[in-house]
Amino acid sequence: MSELWVERHRPQTVGDIKGQRAVVDRLKAYAEMRSFPHLLLSGPPGTGKTTAALALTRDVFGEDYRMNLLEMNASDERKLESIRTKVKQFAKTAPSPGTSFKVIFLDEADALTPDAQGALRRIMEQNSQTCRFILSCNYSSKIIEPIQSRCAVFRFRPLAEDQVLEMITSVAESEGINLDDEAAVAIAHVSLGDLRKAITSLQVAASLDSNVTRDLVYETTATAPPEELHGYILACKEDGFQPARRRLKELLDRFGLAGTDLVNQMHRELGSISFLDEAQKLAVTEAMAECDFRMVEGGGEALQLDAMTARICSLIGS
Amino acid sequence: MAEPSADDWTERHRPESIGLMEGNEAQLRRIRQWLNQWEGGSPLEKRGLLLSGPPGVGKTTLARAAALERGWTMIELNASEERNAAAIRRAATHGSQHVSLDQFSGSSVSNGKTLILLDEVDHLSGGFGKVSDGRIEESINPDGKAAVLRGDSGGKAELLNLLEVTRQPVIMTCNDPMRLWGRNRNWRRNRDRLLRKAELVNFKRAGKLHLRRVAHRVLDAEGRGMDPEALEALIDGNPGDLRALVRDLQAVCALRKGHIDLSAVLDLAGVSERDSQIDVFRALREVYQSGSGKEANRILMISDKDPDEMLAWFVWNNQTVFDSEVLAKISPAMCMADRSLATKYTNRAFRSWYWGSALSSQAAVSHLPIDGASDPFLAYPNFLRRGGESWRSSTVVEYLSEDLGTSKASIREDLWPNLLAVHDSTLGGDPREFTVAKHLGLSGEAHLALHGIPRSRREARRILKDFDSENTSKPEEVIIEEIIEDVNSDEDETDGTQSSLDSF
């Protein structure tokens, strides 16, 4: 159980990647040609950017792909200096025998300073015969335009819930975990389209009990189930301050939530609440954002959450 | 399996002579003249060219083509190398002298010049502060000790020195000259010092005609065919960047065998739009029409704009989408969104980002647009605009920048939007109210420009007459407090007469 499931179940070839159909089709064509241009992969976390980069490199170079790959992420030193030394050195050395180029994979490239990005662009051009760059980022607008101009840009979308369901079901199966349907839906709900988060949640839950149930998922991920959150907001509307306050306290204790987590999860549920109109939802959103802000600034959790409850009660109470 | 080809079309089809380059005709003509003068022998007064412009319009290509077609050698220093004073002196300044000595002694290459190309000079970090010659020499010949100079220190000062002493043509390129002279209060002096020795040539984005020509040339050379409407679709999505065009061509040709039709291009566009092409209007329209905060959030998730930028789009467009009553109702939410985004920086509370987009998108769907839920009229946020977009703003901006002693960029970004807002007639601006314009010492024409009144209108002439007949003397000086903002201001520059607009 020491290995991370996220790593163990990472697709090895481009063809194995689930979801991102439009992107994968194109990457497959590159894999067949055994060549590709500089790539910029952009999209939210857990949507397969790193997986796609590694799988493509493996498809092109085979099992020894690490010989031809320099992988750098935000944990490595990536100041202007290291771009000028480490990256440039690697870009300049000849590719291993039998291959025509090497790959430099810069994960989280939006964390590179503009100066470092500036240094990159001529390296990308001057060594394009022998070296390809793959950059990944959350927002492509954080990458300077000259680099975007040098890359084929691919956008990754958050995974749909059924895609996440399909993936975790197959992971659970191969790990010999008993995952019931309700629990699978809960994991998909918690993950918000982030497959890495989904698989990690599954692993954490499974480490306690190989029979993964819905309750176990919510407990281990420190997430309150939607009906509990609905219950709180309904209590604000119908029952008034004291009952709503009791429910909130119970939620915090039972699921081991921090105040800011709770507020955040509660807002994500707000969208699916049918007994409030959009203008009321805006008012409630404001109350939640204000509460979150005060807690982030160091306000006391119990006090701020009580104030939020009072305000929501007065906004929507009947 | 196709043969593994490591070829990059953007390199393979880089023009090898200036004559093959597309677009920027006047600029190229001027550069030709300058190059021809170098053939004449004696160094000119302006020994450098500073080529400025957006990516992919041919700045680096031009320098290379110039050297190639004239048989000159070339020394290139770009941002991928350390470019401190010692590095530039060793590679460029010394080089710029040595070759001329060869010529002196009547060596074989009688007219051979060495073109010195300093790419991306706006990415030289640091200011124009000098480092002593002693330290530079020590760094060049380290005497066993480690090199003294690190990073780019003294690089900009050595640039000035190089332009002063060079006997060879020097070409520098940059995307944003403002970045080269820096945004501190010495920017103007830095600019003047550099432009005394180097001529600034502005490259423009490539037009459709040029994009088309380049595409045809590349396709012919590669022996590939493409439907005209497919090519038009590719060009329509291109922001005037020739390199991106060639790269897109390579991408579609790699993915389709044989003739390229429209579907191939649309396929590619589906996943590979560059940031500047993303259809944010579509996303906004969908948000305003969605009528649900949940749906709005989903749309924003896939829009690939970060919350900061999205907030700007909302703030701007809410003004046209909602009536003033709704605007007043949602303004607390918008303020809170703004504050949440700021909290991310001040408190490193990255989750605050969430509230930035949650609040602004919920605000956008919480009330009905002015004309029901029908197609809202959307506009590009003015304060996101950069560059001289409007013919009438440029002279006014230039004047204000001169008069207030600050950069044009900061006038455009900080002062200009406010001036426009104050003068906007829909917000109660009166074209016969001259106080602001007079106070700033603007001309009557500039006053008209601020109100967006074309001079051809009859009303314009009357306003101009009234403007001139009012007391024209500039009232008391506008007092601008000075902020000492640049920590690494250059030691050798004590010019403190310029003030910063940030104090507004």
Side-chain angles (χ1 to χ4, degrees), chain A residues 22-23 26 29-30 32-35 37 42-44 80-81 83-84 88 99-101 115 118-123 125-126 128-130 139-143 145-146 148-155 157-158 193 260 264 267 270-272 278-279 281-282 285-286 288-290 292-293 296-297, chain B residues 1-2 4-8 10-11 54-56 78-82 119-120 123 125 151 175 241 243-244 247 250-251 254-255 268 270-276 291-294 297 301-302 304-306 309 330 332-333 336 339-340 343 347 349 351-352 354-355 358-359 362-363 365-367:
Chain A
V23 174
R26 259 144 219 96
Y30 290 143
E32 269 165 35
M33 290 188 310
R34 314 232 306 144
S35 171
S42 131
L80 181 56
E81 288 314 310
I83 295 291
R84 281 174 176 170
K88 204 171 162 191
T99 56
S100 53
F101 65 96
D115 274 339
L120 257 188
R121 45 194 194 160
R122 281 299 285 158
I123 303 181
E125 225 163 52
Q126 285 177 323
S128 70
Q129 285 290 332
T130 54
Y139 296 107
S140 65
S141 55
K142 293 274 179 270
I143 303 292
E145 203 187 333
Q148 292 196 40
S149 145
R150 286 165 174 83
C151 293
V153 186
F154 289 90
R155 298 191 188 285
R157 307 276 186 234
T260 55
N264 197 279
H267 182 263
L270 195 61
S272 50
E278 295 296 332
K281 284 180 186 173
L282 177 62
T285 305
E286 280 180 56
M288 290 174 173
E290 181 63 33
D292 182 81
F293 174 74
V296 164
E297 290 283 312
Chain B
M1 186 175 291
S5 129
D7 266 340
D8 184 344
T10 54
E11 290 299 323
N78 59 59
S80 72
E81 285 136 307
E82 278 197 350
D119 232 346
E120 301 147 18
H123 281 275
S125 45
N175 293 131
D241 178 338
R243 174 173 37 223
R247 234 236 0 279
Q250 183 173 16
L255 296 169
L268 181 80
V271 280
S272 65
E273 305 146 286
R274 257 168 296 285
D275 179 58
S276 51
S292 117
K294 194 178 185 182
N297 246 332
M301 273 280 271
I302 57 172
D304 196 48
K305 289 270 176 239
D306 63 48
E309 216 176 324
I330 62 174
M336 210 180 278
R339 190 187 61 185
S340 299
T343 313
N347 235 337
R351 261 241 298 280
S352 300
Y354 174 83
W355 297 106
L359 282 162
Q362 184 69 47
V365 300
S366 63
H367 296 86

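Note on naming: letters A, B, ... go to the chains in the order of the sequence lines (proteins, then strands), and numbering restarts at 1 for each one. These numbers come from the heavy atoms of this one structure, side chains and all, not from hydrogens, waters or symmetry mates.
Residues A/Glu278 and B/Gly293 share a closest heavy-atom pair of OE1-N, 3.0 Å. Closest non-hydrogen pair, B/Arg243 versus A/Ser149, comes out as NE-OG, 3.1 Å. The two residues B/Gln362 and A/Leu282 have their closest heavy-atom pair at CG-CA, 3.5 Å. Taking every heavy atom of both residues into account, B/Arg247 and A/Pro37 meet most closely at CD-CB, 4.3 Å.
Heavy atoms closer than 4.5 Å to chain B are found in both the backbone and the side chain of A/Thr260. Both the backbone and the side chain of B/Glu120 come within contact range of chain A, each with at least one heavy atom under 4.5 Å from a heavy atom of that chain. The contact between A/Lys281 and chain B is made by backbone and side chain atoms together, counting heavy-atom distances below 4.5 Å. With a 4.5 Å cut-off on non-hydrogen atoms, A/Ser42 touches chain B through its side chain but not through its backbone. Looking at B/Thr10, neither its backbone nor its side chain comes within 4.5 Å of chain A, counting heavy atoms on both sides. Within the 4.5 angstrom heavy-atom criterion, only side-chain atoms of A/Gln126, from C-beta onward, approach chain B.
Applying the side-chain contact (heavy atoms from CB on, under 4.5 Å) test to A/Pro146 and every residue at least two apart in sequence or in another chain returns A/Arg121, A/Ile144, A/Arg150, B/Pro55, B/Asn175.
Of all the listed residues (B/Ala358, B/Gly56, B/Ser292), the one sharing the greatest number of non-hydrogen pairs under 4.5 Å with chain A is B/Ser292. Put simply, of A/Asp292, A/Asn264, A/Leu120, the one with the most heavy-atom pairs under 4.5 Å next to chain B is A/Asn264.
The CD atom of A/Glu290 sits 4.5 Å away from the CE atom of B/Met336 when rounded to the nearest 0.5 Å. To the nearest 0.5 Å, atom CG of residue B/Leu359 and atom NE2 of residue A/His267 are 7.0 Å apart.
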